[in-house]
Amino acid sequence: MNPLTYEQIAAAVLAEIRAIYPTGRKPDPDITTAWARVLERGHMMLPAAVWRDAVITWSVSHSDPPTPHDLITAARQVVAQWEADPARRRDLTTSDAPGSETQLDG
């Protein structure tokens with residue numbers, strides 16, 4: 001299996017955002033690339049499931065789609081929640097983050 005890239009994670013995150021906020025701007029390759037650069041610059045090598053949970057965490061209390069900064073903040077909240085749960089904490093170490101060997105759609 002090939003490691004995930006930030007581009008793949010950004011595409012999955014943007015698809016999740018689009019599913020929750022269907023009237024928002026439709027992602028295009030430029031938006032995906034820009035989000036990938038921000039996620040990479042944030043140095044947060046997290047499993048794709050953390051990013052998906054971050055979108056959900058954000059959407060529970062906000063009516064507008066998240067910005068990359070909003071999503072990084074929500075991802076930190078998700079990581080804190082997962083670290084408090086032994087089963088989820090294990091998921092943080094068996095990761096499909098960039099550089100790992102598992103697939104995005106797990």
Side-chain angles (χ1 to χ4, degrees):
M1 288 188 251
N2 294 327
L4 293 176
T5 65
Y6 285 103
E7 196 88 16
Q8 290 169 312
I9 291 173
V13 161
L14 289 167
E16 186 79 10
I17 291 170
R18 179 69 174 174
I20 294 171
Y21 299 97
T23 59
R25 183 173 174 189
K26 184 177 180 185
D28 61 36
D30 290 338
I31 292 171
T32 302
T33 298
W35 273 68
R37 284 194 316 263
V38 172
L39 296 178
E40 184 173 12
R41 180 68 60 92
H43 302 290
M44 295 185 69
M45 298 190 329
L46 302 171
V50 170
W51 294 111
R52 286 189 294 265
D53 276 4
V55 173
I56 293 166
T57 296
W58 175 264
S59 67
V60 166
S61 59
H62 296 84
S63 58
D64 295 319
T67 66
H69 177 268
D70 297 331
L71 192 65
I72 288 169
T73 300
R76 287 186 179 120
Q77 292 175 325
V78 170
V79 167
Q81 292 168 355
W82 283 29
E83 286 175 341
D85 177 346
R88 297 304 282 195
R89 184 178 334 121
R90 193 172 43 250
D91 292 340
L92 288 171
T93 60
T94 55
S95 150
D96 58 2
S100 71
E101 296 296 322
T102 56
Q103 294 297 315
L104 185 62
D105 55 342

Checklist entry - Atom CD1 in Ile31, atom CG in Leu14: separation rounded to 0.5 Å? => result 7.0 Å
Item to check | Audit row: Glu83, Leu92, side chain to side chain contact (heavy atoms under 4.5 Å, CB included) steps and yes/no | outcome: CA-CA 8 Å; Glu83 286 175 341; Leu92 288 171; 3.6 Å; yes
Checklist entry - Are side-chain heavy atoms of Glu16 and Ile56 found at a separation under 4.5 Å? => result yes
Item to check | Distance-minimising heavy-atom pair for Ala36 and Ala10 | outcome: N-CB, 3.7 Å
Next on the checklist: Quick check: closest heavy atoms across Arg18 and Pro27, and the distance to 0.1 Å?
Outcome noted: CD-CD, 4.3 Å
Item to check | Pair Asp30-Thr33, side-chain donor/acceptor within less than 3.5 Å | outcome: no
Item to check | Heavy-atom closest pair, residues Ala54 and Ala74 | outcome: O-CB, 3.5 Å
Checklist entry - Is any side-chain heavy atom of Trp58 less than 4.5 Å from a side-chain heavy atom of Ile20? => result no
Checklist entry - Is any side-chain heavy atom of Leu71 closer than 4.5 Å to a side-chain heavy atom of Val38? => result no
Checklist entry - Within a strict 4.5 Å, meaning less than it, do heavy atoms of the Thr67 and Trp35 side chains meet? => result no
Next on the checklist: For a 4.5 angstrom cut-off between non-hydrogen side-chain atoms, does Asp85 reach Arg89?
Outcome noted: no
Checklist entry - From Asp70 CG over to Ile17 CD1, what is the distance, rounded to the nearest 0.5 angstrom? => result 9.0 Å
Checklist outcome for this item: Between Pro22 and Ala19 the two heavy atoms that sit nearest each other are CD-O, 3.9 Å
Checklist entry - Can you find a pair of side-chain heavy atoms, one from Pro66 and one from Tyr21, that are under 4.5 Å apart? => result yes
Checklist entry - Is there a donor-acceptor pair under 3.5 Å between the side chain of Glu40 and the backbone N or O of Arg37? => result no
Item to check | Arg88 and Gln81, any side-chain heavy atoms less than 4.5 Å apart | outcome: no
Item to check | Close side-chain approach of Ile72 and Leu39, heavy atoms under 4.5 Å | outcome: yes
Next on the checklist: Give me the atom names and distance for the closest heavy-atom approach of Val50 to Ala75.
Outcome noted: CG1-O, 4.1 Å
